[in-house]
Amino acid sequence: MQNTTNHAELAEVFNNDEARVDWHDETLWWIRSKRDVAVNKISNWEVLRETASQIKNNVLSNLNNYLQQFEGNAIANGIIIHWAADAKEHNQIVLSILEKHSIHQMVKSKSMLTEECHLNDFLEENGINVIDSDLGERIVQLAKEMPSHIVLPCIHKKKEEIGELFHQHLGTPAGNADPQFLTETARQHLRDTFLTRRAALTGINFAIAETGEFVVCTNEGNADMGAHLADVHIASMGIEKIIPERKHLGVFLRLLTRSATGQPITTYSSHFKRPNKGKEMHIIIVDNGRSIQLGREDFRNSLKCIRCGACMNTCPVYRRSGGHSYHNAISGPIGSILAPNLDMEKYADLPFASTLCGSCTNVCPVKIDIHQQLYKWRQVIVKNGYVPAAKKASMQIMDWTLSSPTAYHTAGKAGRLVLKYAPFMVNNKLNPWYKHRDMPEPPKESFGEWYKKNRK
Amino acid sequence: MKVGLFIPCYVDQFYPDAAIACLQLLEKLGVDVVYPKNQTCCGQPMANSGFEHLTGGCNDLFIKNFSDFDYVVGPSGSCVLHLKEHLHNHDNPEIATTLSNKLYEFTSFLTDVLKVKSLPARFPHKVGVHQSCHGQRGLHLSQMTELVAPEFSKPGSLLNMVKDIELVHLNRKDECCGFGGTFCVAEEAVSSKMGKDRVEDHLHNGAEYITGVDMSCLMHMEGILHRQGSKVKVLHIAEILNGE
Amino acid sequence: MTSREKILSAIKTNQPDLATLPDVDFLLQEDVDIPEKFIASLTAIGGQVVMVKNHSAIKAFIAENFIHPSRKITTVSELEDIAEYIEDNSTVPHSLENVDYAIIEADLAIAENGAIWVTEDKIRTRVLPFITQHLAVIVKKKDVVPTMHYAYNKIAANDYGFATFIAGPSKTADIEQSLVLGAHGSRSMTVFLMAQ
């Protein structure tokens, strides 16, 4: 769909429509504001964050044991456990479960992990019809796009565009963009799906080692409608979704939705412990690069993520470039520190799509040091040679100039002279700064020169 | 107490008035302050671009120029933060740590060390205060809106000592301006849009001047203001605090 | 090596040194007017609360406010005379497709977020509270707790095959952040808050 995979270029295209950027930016800022209102009602919010952060630190440090504990308990509960080393294996496991039951249609609720694995495409190629039941996901599915946000999949779409999609695919009247009407249409259309699918796939928000149960949070109730009406429930999780004990859910469920949308909790927080009688329940535990990230001392904390999306809502760059500019299943600040681990070359641009303002780090409910990791990924990416040669050359020149007071003074003076006497050399199309900004006025002398005259 | 004045490279070259104001205000407050003439740059532009490994020369120069002072003070949250987090010396790690601990951003030096309680300055204008991110979130110069925590502002408390000043309310108190170092050219579209939105917030709320602790942010916003033909000016906070 | 072995071995090699698991019991220290807060919370998220003295009051409210005729089911034996009584888990889930109203009872409710907690045996069949067009839940005042920490404290190590927190009617804001009540779960939620 897009033939460039560079955030700066994609963001530039996004910015061609300024009114749309404003709309996208205002919407997400509004969600950040709702988050602020919600969290300020919890006087010990910062204590909660610190507690969650420490719980997740413990989980990552004891993950091997916790996963085995979870597996043992889940199996004792009658759940079938699968392990997938990578996306390919995950998809194959899903397919084989469906084939075993001669199932050719599946209903799915939101799972960013399955987006990461490109599960839908794989299943469609293998003759399985997949319907995404989350309204936002269904909309991007009809539009043949990836979700642009991990919690609000079609935040980039205007209601008129959604109305048009529904008109084309679901037969609603042309020009109807009323959210109430469109949601009702989706309700009817998907209700039929729920009632006729024998297999449902869900994500997992939290997997409890202590009890072998897992929790799925939705506002729409689609995960439950799918799972309870199907014969086979498949649940996919990354290895890092573990939390130690059931009571820890108190901490995480209080943090998750307030951080995500400003709601105190999602409408449904369903705890699945045993398959229903006569039904099958499967969990696929997926690695897909996570165990490698776990070994990266500077970046392992990114695995604490509970997928709330707060970092995206608060990121001034994300708001003005849109999730698709990150050309990855998970976008925004968290996506930018997870993706280079998967493919450093492909995602070398992402850690640079930031001003390192630090807002993300401070809304993260589990205190991931996101902006510090963005900085550190930049060093790793440069060290591995994934920067343009021109940039490398200019940095070398900068180093040489700034390491020598004489060179620095000469360069500074030269720069000011150029600006004063030959501004056209700098004030032109070749200078990206100049596109929307004037250059600073060159002063008659530098501070160093003034000091020499006036103080020494 | 002897203070070394650290002036960021772009302030030295393009905004000497901000540096002069810092110097003059410190002198008025009775500080023995010296500007080491052989200083260059803190190294941040390279480090933030992924080239921290090329900042050895800058680190060495900084240590050489500033080690002997009791305090080092600089009008830039982002340069000071960079040095505090990344200044190092392979052969003698302690020398870098010691120097880091003596390093202060300008307004925090006034509030935390000099404990300034009043200023003779007067500035009868509407002023918008830009919360430069690195100073705010990195150096904790003021509280950030993300946290559930009591409000405070070191630059704000100093501005409140200035007679007849009117600080305007902003819609987004601490959103980034979009300068971000090489980001300003590498991601030009987003950078200038962020700057434009920041400026609009100040203009919409009636600011006649935009101030802050970091000239880099102000330079970026000034570029946009000039392009728009706006009469609104940017001033480093030292220039307001130093006013008569 | 199986994938399981590969993954667990990689994790064992790469995981950092053990970090202490923090205590969370200290979070049980809320001091809030619970029923008031619960009513405010549930109302804010699109639910409604009806104060009742007993089951008769519930029946009266239903007679006046629920649409008739409609298919009403209940898991509460006291309401057998006004709705189909679902006694056990033998109901075929799909057969509930045309249920308009379901009246159930909850084990506990949470003041901070307006949620109620039900376990599988309370709802008899898992899909029941989701598939119904409208949901009504009976909660005893004494079963309302301040926060999630208190909820999990009460839930403790209780066993269930399935259980869920339900906070208000189903909803979505996926279309330009316009809040719409009634996504795939129930369109409305009524809590009968019973004095005793």
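Proteins get letters first, then strands, A, B, ... in listed order; numbering begins at 1 in each. Since the model is a prediction, treat every value here as computed from it, not as a measurement.
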Out of A/T266, A/T218, A/T183, A/N219, which one pairs with C/K171 under the side-chain contact (heavy atoms from CB on, under 4.5 Å) rule?
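For C/K171, the side-chain contact (heavy atoms from CB on, under 4.5 Å) check succeeds only for A/N219.
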
With under 30° as parallel and over 60° as perpendicular, where do the rings of A/F194 and C/H184 fit, or are they tilted in between?
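If you compare the ring of A/F194 with that of C/H184, the planes turn out perpendicular.
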
Measuring heavy-atom distances to chain C, does [X] have an atom under 4.5 Å in its side chain, in its backbone, in both, or in neither?
X	answer
A/E50	neither
A/R187	both
A/R246	both
A/F252	neither
A/I42	side chain
A/E71	side chain
A/I81	neither

Can you list the steps and then say if C/T20 with A/Q54 is a side-chain hydrogen bond (donor to acceptor under 3.5 Å, both in side chains)?
CA-CA 8 Å; C/T20 322; A/Q54 287 182 26; over 6 Å; no

Salt bridge C/E112-A/K41, side-chain N to carboxylate O under 4.0 Å:
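A/K41 and C/E112: not salt-bridged.
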
Any salt bridge between C/D25 and A/K247, counting N to O under 4.0 Å?
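A salt bridge links C/D25 with A/K247.
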
Any side-chain donor near an acceptor of the partner, C/E5 and A/W83, under 3.5 Å:
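There is no such pair (donor and acceptor under 3.5 Å, judged by atom type) between the side chains of C/E5 and A/W83.
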
So, applying side-chain hydrogen bond (donor to acceptor under 3.5 Å, both in side chains) with C/Y160, which one of A/H271, A/K273, A/E213, A/R274 is it?
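So the option named by the test is A/E213.
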
Within the distance-only criterion (no hydrogens, no angle test), does the side chain of A/N58 pair as donor or acceptor with the backbone N or O of C/A19 below 3.5 angstrom?
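Yes; judged by distance alone, with no hydrogens or angles, the pair exists.
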
Show your working on side-chain contact (heavy atoms from CB on, under 4.5 Å) between C/L21 and A/H248 and close with a plain yes or no.
CA-CA 11 Å; C/L21 185 64; A/H248 294 137; 3.8 Å; yes

